[in-house]
*Asks:* 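Have a look at this one before I ask anything.
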Amino acid sequence: MTLAVTPLSPVFGARIDGVDLGHLDDATFDQLYAAWLKHHVLVLRDQTISDPQFEAFSAHLGTLDPPPNQGAGRKSPPGFPNLYVISNKKDPAGEPVGALGDGEASWHTDMSYLQDPPAASMLISRILPAWGGDTYFCSMPAALASLPAALRARIASLSIKHDGTYDSGGNIRKGMQANDDPSTSAGTLHPAIIAHPESGVKSLYLGRRRNAYVAGLPLQDSEALLDGLWSYAALPENTYCHKWRIGDVVLWDNRTTMHRRDAFDPASERTMHRSQIKAKGALNRTLMTS
Ligand code: OGA
Ligand code: MN
C-alpha cells in the first residue's frame, strides 16, 4: 500500500489518511517514518487507539523519553510512566492532573534544555474545550532559509543556551530556582544552526525565547541578536495551525519545528496525551559555509 500523503502547507507538514496506528504493518510504518522525516509534522485523524496502542506506536519510532520535569501538575496517566498528560483538569483535591494549564504556551521546541532532546513528540487529543487550544507549528529549515546571509554567517559558529527553568506556560519546573537572568539561568548550550542527524537538513535551533542566551556575548548583544533571529522564526508563511478534533494524532520533529498553543476556555477540559521519542543522533553543528 502506498501512503496517502497530503501536504498541510506549501512549506511543511502532511496529513496521512487511511492509516490505523493501532494496526500498522512494517511496510506502512517505514513509509510513515520516511514521511515524518520529509514533512516534519504529520497529522493522522480519527485514531481510536488506546493508551497502550499509542505507547506501542511511539515505541516503534524509537526509545521513549520519560516525561519532562514539568512546572505544575502530575506527570503521567496512571500506569503509563512514559506518557505525559497535557491537561487543565484538576483532581478532587484541586491538583492539576497534567501540565500547561489553560493558558497560552509560547513558541518552543520540547525539552531542548537537555543535552540530548527528544527527536519527536506526539500528541493524541482525548478531550477538547469549547473554544481555543489550537496548536501552531513553524518550520525551522524555512526560518533558517529566511535569514539574511550576514545574520546566518554570524550565528554559524555560535551556541545558544536553552533555558530549563521555566516550561512554555511560564511555570517553574520542579526543583528549579526562579532566575530571570539569561546569562546565569540553568540550561544547556546547543549550536544555533543544527544539522538533522538522520536527514542532514539544516535548521535554526532556538528552543524558546525566555532566558535564551548566546554564549560568550554581553547580555545586551545576546538579547539584540536573539530578537533579530526570533523575528524570522515563525513567519506566517512558514507556520501551520492545527485545529484539533478528538482522535487527532500529531507527530512532530523537535529538530525542524517549534510549536505554540493558544489559550482556551478555562471552563472546559482539554486533555491530551503525549509521548516523546529519543533521538538517534546528536545535534550537530553545521559548517559555516553550508
Ligand atoms: C506539547 C505542547 C501543546 C498543546 O505537548 O509539547 O507544547 O497543544 N502542547 O497542548
Ligand atoms: Mn511542547
Side-chain angles (χ1 to χ4, degrees), residues 8 13 36 40-45 51 54-55 58 61 64-77 80 82-89 96-114 117-140 162-171 173 205-210 212 233-234 239-266 268-279:
L8 292 169
W36 169 65
H40 313 309
V41 177
L42 295 186
V43 171
L44 296 101
R45 309 206 96 154
D51 282 339
F54 181 67
E55 191 175 57
S58 304
L61 289 163
L64 299 185
D65 239 339
N69 178 8
Q70 88 286 19
R74 200 195 293 158
K75 274 191 169 175
S76 300
F80 296 91
N82 286 324
L83 299 185
Y84 184 41
V85 183
I86 311 285
S87 181
N88 62 328
K89 187 183 171 187
V97 302
L100 288 184
D102 56 33
E104 181 182 348
S106 53
W107 284 113
H108 66 282
T109 193
D110 290 334
M111 298 161 72
S112 62
Y113 50 86
L114 299 178
S121 304
M122 183 161 52
L123 280 173
I124 183 163
S125 53
R126 295 296 192 199
I127 299 174
L128 291 172
W131 54 260
D134 296 348
T135 307
Y136 295 71
F137 295 87
C138 66
S139 161
M140 298 312 282
H162 293 232
D163 176 65
T165 312
Y166 300 98
D167 71 14
S168 60
N171 311 293
R173 294 180 195 278
Y205 194 59
L206 294 179
R208 61 195 69 208
R209 180 65 186 88
R210 186 169 187 181
T239 302
Y240 161 72
C241 170
H242 189 68
K243 294 183 182 303
W244 293 92
R245 295 193 326 216
I246 298 282
D248 283 355
V249 167
V250 180
L251 167 67
W252 65 88
D253 191 320
N254 278 311
R255 285 78 51 96
T256 52
T257 63
M258 293 196 298
H259 54 282
R260 59 168 287 269
R261 182 192 77 188
D262 278 345
F264 57 92
D265 177 13
S268 39
E269 179 181 345
R270 179 182 189 272
T271 293
M272 329 285 270
H273 288 173
R274 193 184 87 180
S275 58
Q276 37 291 311
I277 294 115
K278 277 189 199 296

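Indexing begins at 1, ligand by ligand and atom by atom, following the structure's order.
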*Asks:* List the protein residues in contact with ligand 1, where contact means a heavy-atom separation under 4.0 angstrom.
*Replies:*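 Only Ile86, Leu100, His108, Asp110, Leu123, Thr135, Trp252, His259, Arg261, Arg270, Arg274 have heavy atoms that fall under 4.0 Å of ligand 1, ordered by chain and number.
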*Asks:* Quick one: do Arg126 and Asp51 make a salt bridge, cutoff under 4.0 Å?
*Replies:*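 Asp51 and Arg126: salt-bridged.
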*Asks:* Could you tell me if Asn254 and Thr109 have a donor-acceptor pair between their side chains, going purely by distance under 3.5 Å?
*Replies:* yes
*Asks:* For Phe54, which residues count as a ring pair (Phe, Tyr, Trp, His ring centres under 6.0 Å) partner, sequence neighbours excluded?
*Replies:*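 Phe54 satisfies ring pair (Phe, Tyr, Trp, His ring centres under 6.0 Å) with no other residue.
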*Asks:* Should Pro68 and Tyr113 count as side-chain neighbours, where that means a heavy-atom distance under 4.5 Å?
*Replies:* yes
*Asks:* My understanding is that only residues two or more places apart in sequence, or in another chain, count here; which of them pass ring pair (Phe, Tyr, Trp, His ring centres under 6.0 Å) with Phe137?
*Replies:*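 Partners of Phe137 by the ring pair (Phe, Tyr, Trp, His ring centres under 6.0 Å) criterion, ordered by chain and then number, come out as Trp252, His259.
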*Asks:* With a cut-off of under 6.0 Å to the ring centre and 45° to the axis, is Arg274 in cation-pi contact with Tyr84?
*Replies:* no
*Asks:* Do Cys138 and Met140 pass the side-chain contact (heavy atoms from CB on, under 4.5 Å) test, and can you show the C-alpha distance, the side-chain angles, and the key distance before you say yes or no?
*Replies:* CA-CA 6 Å; Cys138 66; Met140 298 312 282; 3.8 Å; yes
*Asks:* Between Leu251 and Leu61, is there a side-chain heavy-atom distance shorter than 4.5 Å?
*Replies:*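 Yes, their side chains come closer than 4.5 Å.
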*Asks:* Working to the nearest 0.5 Å, report the span between CG of Leu64 and CG of Asn82.
*Replies:* 4.5 Å
*Asks:* From the Mn ion (ligand 2), how many protein N/O/S atoms are found at a distance short of 2.8 Å?
*Replies:* 3
